[in-house]
2 protein chains.
Amino acid sequence: MKTLEKILENNKVKPTAMRLLVLQFILRKKTALSLSQLENYFDNADRTTIYRTIKTFVEKGLVHQIDDGTGVTKYALCEENCECEIETDLHLHFHCTKCEETTCLTEHKIPQINLPEGFIAENINLVVKGICDKCSTS
Amino acid sequence: MKTLEKILENNKVKPTAMRLLVLQFILRKKTALSLSQLENYFDNADRTTIYRTIKTFVEKGLVHQIDDGTGVTKYALCEENCECEIETDLHLHFHCTKCEETTCLTEHKIPQINLPEGFIAENINLVVKGICDKCSTS
DNA sequence: ATAAGTATTGCAACAATAGTGCATTAACTG
DNA sequence: CAGTTAATGCACTATTGTTGCAATACTTAT
């Protein structure tokens with residue numbers, strides 16, 4: 001069990017108070033979260049600080065950015081040794097239309113995609129929308 | 001060769017001047033386009049009218065909406081008898097990072113995706129980013 | 001310990017996109 | 001032609017994402 005400080009230091013991010021709080025919040029949440037969720041939670045903190053905190057986390061490879069098709073960028077913790085940017089490691093994301101939560105399905109890699117002649121793939125984003133496990137059983 | 005009016009009428013959209021112009025523009029473009037592209041092209045037309053025109057087209061199944069990961073919604077013509085909303089008909093979209101155009105790869109269907117227990121898929125969005133055929137050969 | 005430099009934070013803006021409410025105009029129907 | 005319905009234009013508003021700059025806090029060399 002690593003401390004929050006350790007996690008930040010391992011990713012070469014200086015552990016400031018705000019960063020520790022944001023990291024703690026992300027760690028607790030199982031699903032991906034948006035900037036506005038963070039803003040609401042830390043309602044006495046500055047919007048810009050949260051924005052830049054999360055940007056730092058993304059740059060340093062602590063969290064990855066998710067475009068789940070809602071028009072709002074979501075963020076979720078990277079797995080250890082996660083190589084989000086490498087094509088073969090790309091997993092798919094699930095957005096529940098009922099609870100509106102976005103989940104990383106890290107075990108579900110994106111299948112091989114064939115493109116027409118001349119098209120060169122650099123990055124793939126696959127988002128499935130529907131009802132998540134929690135919502136389908138309740 | 002259908003007239004513009006016919007296309008609109010077939011989709012139960014009243015053919016107004018603006019709608020005909022917008023449809024003509026969409027038909028000419030091979031790639032998906034954004035609202036701001038339409039706004040720039042019809043620079044003397046009202047933004048709201050264009051906005052509502054395209055919304056009408058989406059509702060009536062004339063065009064489909066594409067989330068290409070740029071944060072800006074794109075629109076492209078549906079194929080004849082296109083059933084965009086039906087899972088089996090979903091094709092993938094390609095966004096070129098060089099020319100920034102988004103293309104429908106209608107021939108490339110989305111492969112079967114396996115989800116964990118309890119997850120129910122309703123819709124799938126697959127966007128590949130990279131270099132398109134035109135940009136890779138020039 | 002202190003001065004100088006660097007990193008972080010907070011505040012105030014701005015821009016783009018998406019969307020709504022309402023009045024006006026155009027089109028359609030009896 | 002009057003009355004109704006649909007479409008348009010204008011004026012806003014909200015949200016998200018983003019930047020510039022000043023104020024603080026943190027580090028490091030002297």
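Given the structure is predicted, the values throughout are model-derived calculations rather than measurements. Proteins come first, then strands; the chains are lettered A, B, ... in the order of their sequence lines, and each starts at number 1. Both backbone and side-chain heavy atoms feed into the values below; hydrogens, waters and symmetry mates do not.
For residues 129-138 of chain B, no residue pair satisfies the side-chain hydrogen bond (donor to acceptor under 3.5 Å, both in side chains) rule, not counting sequence neighbours. Pairs passing the ring-ring contact (aromatic ring centres under 6.0 Å, His included) check and including a residue from residues 113-138 of chain B, sequence neighbours excluded, read A:Phe94-B:Phe119. For the salt bridge (charged side-chain N to carboxylate O under 4.0 Å, His left out) condition, the pairs that include at least one residue of residues 59-77 of chain A, sequence neighbours left out, are A:Asp68-A:Lys74.
The distance from atom CG of B:Asp68 to atom P of C:dT17 is 12 Å, rounded to the nearest whole Å. Computed from coordinates, the A:Lys60 NZ to C:dT8 C1' distance equals 13 Å when rounded to whole Å. Nucleotide C:dT8 holds its C1' atom 14 Å from the CD atom of A:Glu59, rounded to whole Å. At whole-Å resolution of the value, CG in B:Asn40 and P in C:dA16 are 10 Å apart.
Applying the 4.5 Å side-chain rule to ILVMFWY residues, one finds B:Ile120 in the same cluster as A:Ile131.
Legend: residues meeting side-chain contact (heavy atoms from CB on, under 4.5 Å) with B:Asn114, ordered by chain and number and at least two apart, are B:Gln112. Qualifying side-chain contact (heavy atoms from CB on, under 4.5 Å) partners for A:Glu100, counting only residues two or more places apart in sequence or in other chains: A:His95. Here A:Lys29 pairs with A:Glu101 under the salt bridge (Lys or Arg N to Asp or Glu O under 4.0 Å) rule; sequence neighbours left out.
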Distances for protein N/O vs nucleotides 20-30 of chain C N/O pairs under 3.5 angstrom?
from: C:dG21; atom 1: O6; to: B:Arg52; atom 2: NH2; distance (Å): 3.0

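B:His91 has its ring centre less than 6.0 Å from the ring centre of B:His64.
Within the helix from C:dA1-D:dT30 to C:dG30-D:dC1, the inter-axis angle between the opening and closing five-pair segments is 10°, rounded to 10°.
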Which atom pairs, donor and acceptor, lie under 3.5 Å between side-chain atoms of residues 36-44 of chain B and protein residues at least two apart or in another chain?
from: B:Ser36; atom 1: OG; to: B:Ser34; atom 2: OG; distance (Å): 3.2
from: B:Gln37; atom 1: OE1; to: B:Ser34; atom 2: N; distance (Å): 2.9
from: B:Gln37; atom 1: OE1; to: B:Ser34; atom 2: OG; distance (Å): 3.3
from: B:Asn40; atom 1: ND2; to: B:Ser36; atom 2: O; distance (Å): 3.2

Report all side-chain donor-acceptor pairs from residues 16-28 of chain B shorter than 3.5 Å, counting only partners two or more places apart or in another chain.
from: B:Thr16; atom 1: OG1; to: B:Arg19; atom 2: N; distance (Å): 3.4
from: B:Arg19; atom 1: NH1; to: B:Lys14; atom 2: O; distance (Å): 3.0

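Nearest heavy-atom pair, B:Cys96 versus B:Cys132, reported as atom, atom and distance to 0.1 Å: SG-N, 3.4 Å.
Bounding nucleotides for the chain A contact on DNA chain D, 5' to 3', at a heavy-atom distance below 4.0 Å, are D:dT16 to D:dC21.
Contact annotation for B:Ser34: no contact, since no heavy-atom pair falls under 4.0 Å across all strands.
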